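Please read these numbers as outputs of a predicted model, since none were measured by experiment. Naming: A, B, ... by sequence-line order, numbering from 1 per chain.
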Number of protein chains: 2
Amino acid sequence: MNKPLILTVEDDVPVRNLITTTLKTHGYRILLAANGEAAILEASSHNPDIILLDLGLPDMDGVEVIKKIRTWSNVPIIVISARSEDADKIEALDSGADDYLTKPFSVEELLARLRVTQRRLALMGTEAGQQTSVFTNGALKIDYAAGCVYLGGEELHLTPIEYKLLCLLSQNVGKVLTHTFITRNIWGSSWDNDIASLRVFMASLRKKLEKGPGKYQYIQTHIGIGYRMLRVGNDD
Amino acid sequence: MNKPLILTVEDDVPVRNLITTTLKTHGYRILLAANGEAAILEASSHNPDIILLDLGLPDMDGVEVIKKIRTWSNVPIIVISARSEDADKIEALDSGADDYLTKPFSVEELLARLRVTQRRLALMGTEAGQQTSVFTNGALKIDYAAGCVYLGGEELHLTPIEYKLLCLLSQNVGKVLTHTFITRNIWGSSWDNDIASLRVFMASLRKKLEKGPGKYQYIQTHIGIGYRMLRVGNDD
DNA sequence: TAGGCATCTTAATGCTGCCTTAATTTCTTT
DNA sequence: AAAGAAATTAAGGCAGCATTAAGATGCCTA
């Protein structure tokens, strides 16, 4: 996950400043809202990762804000409130809040609770999203997550540079990639002119990937320009 | 979801009775454990939907129970504790707890927090954290709950780091794990560049796990990248 | 408190395999 | 047919790896 975006809903300026500076120094991005209406607007327009909501807002009941947001979003909502009675907590939690902190709260605890929420988001992401991140092209299969390459069921053993090269080509199927584009992506932007090495790696990659010398179905060479991976049929 | 199964870990009898009767009248099914060891055993054998954990256990630190369970499961853990200091909360939450209630707590609040957890479980789809606590791969068997490793019936004695290393690899079977990924997971993100140590531990782990030098069927090395555990056949 | 055991760390050695360069062959274009 | 571009092959150097051993640290026991 990138830097998580947190919507902070708080009208009390000192508390708000404390929260925002703390969160910023811990690598979060911040959105601000000082009342319920603004909170709903921000939440709907910017899709924050987590919402930090003070229940004591000037314009409307915080619980109403929760209910409103819950009509379209399951974003985690952590409530901060001055009221510590059970009835308040229960109402907020049952209305859709995920956690409830009572003022005065410790900044460290808030950070810990945020980490818990993030951890859970990460879990949901990997399981719900089921990011297979597998590339298939004819008999060729690349599992980016596992770092493995298969050709017709058999696993190919590629050296690091060969693997990078193949990834680069596969992620731009159909596009012609220039020599310098490839070398810069593999080596960094310093070398530039070492097309000779590139040719050697291309040869060894093709040796493992293609059927015979001269019969290239996956990687095509464009003279004077560079290379390109082709989409191939489903044959094996 | 059917009636949720809740593992209650509490050694204080009156509190335990209060909780169990309350939960039962609210439609939950209950598992009980009065100490850490029993808790781990129950958690690993019955796959509860939620765990209610009192940190003050007679036999071991509650945080250790959390860490142990987290080695194989993502089941929601709600902590109940008499200690209300920030440091305790943070330690528990960062160790893998999902929520933290301080005694004396209101039964109503506990029920509300349980409802929040259930709501979230329903969101995540069924059985989010359900993993077996025993990993098998060929002749290799790892019992995460017990912390034991077997190779063809024989128990292996692994040092803590060797064990962590093996767990990390086994939980990502088939994936290539980079050096830095491994070192960060084992030592934390501070060291980073100590690949030398990693190699030594890998050697000693292989010495215990693999047949002979050079004949590696479980752990494969990817030069310039890292290591990976392979799925092996059932033969031995 | 001191000694011993187990584990961790660091350093050193030999070795495998990857990268690079260069030279030769094949292909393409004019 | 000749020249340039690309493919291929081979060989030397070197980075990364496995393995061993010795020193450092911490923990348990007597």
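- Residues that satisfy the side chain to side chain donor-acceptor pair (under 3.5 Å) test with B:Ser81, not counting sequence neighbours, are B:Tyr100.
- Evaluation of the salt bridge (Lys or Arg N to Asp or Glu O under 4.0 Å) test over residues 68-80 of chain B, restricted to residues two or more places apart or in two chains, returns B:Arg70-B:Asp98.
- Residues passing the ring pair (Phe, Tyr, Trp, His ring centres under 6.0 Å) test with A:Tyr227, sequence neighbours excluded: A:His179.
- Listed by first and then second residue, the salt bridge (Lys or Arg N to Asp or Glu O under 4.0 Å) pairs that reach into residues 29-43 of chain B come to none, sequence neighbours excluded.
- Contacts between residues 162-175 of chain A and DNA chain C, counted as heavy-atom distances below 4.0 Å, involve no residue at all.
- Look at B:Asp54 and B:Lys103 and you find a salt bridge, because one of the NZ, NE, NH1 or NH2 atoms lies within 4.0 Å of a carboxylate O, short of that distance.
- Under the side chain to side chain donor-acceptor pair (under 3.5 Å) criterion, A:Ser170 pairs with A:Tyr144, sequence neighbours left out.
- Among residue pairs with one or both ends in residues 137-162 of chain B, those qualifying as salt bridge (Lys or Arg N to Asp or Glu O under 4.0 Å) are B:Glu162-B:Lys208; sequence neighbours excluded.
- Here B:Thr159 does not reach the OP1 or OP2 of C:dA6: none of its side-chain N or O atoms lies under 4.0 Å away.
- Contacts of B:Glu91 classified as side-chain contact (heavy atoms from CB on, under 4.5 Å), with partners at least two apart in sequence or in another chain: B:Val63, B:Ser95.
- The salt bridge (Lys or Arg N to Asp or Glu O under 4.0 Å) search around B:Asp94 returns A:Arg115, not counting sequence neighbours.
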- Once each nucleotide of nucleotides 2-11 of chain D is scored for protein heavy atoms under 4.0 Å, what B/S/- sequence comes out, 5' to 3'? ---SSBBB--
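- Contacts of B:Tyr28 classified as side chain to side chain donor-acceptor pair (under 3.5 Å), with partners at least two apart in sequence or in another chain: B:Gln118.
- Base-pairing analysis of DNA chain D finds the following stems of at least three consecutive Watson-Crick or G-U pairs, with both pairing distances under 3.5 Å: C:1-7 with D:24-30, C:9-30 with D:1-22.
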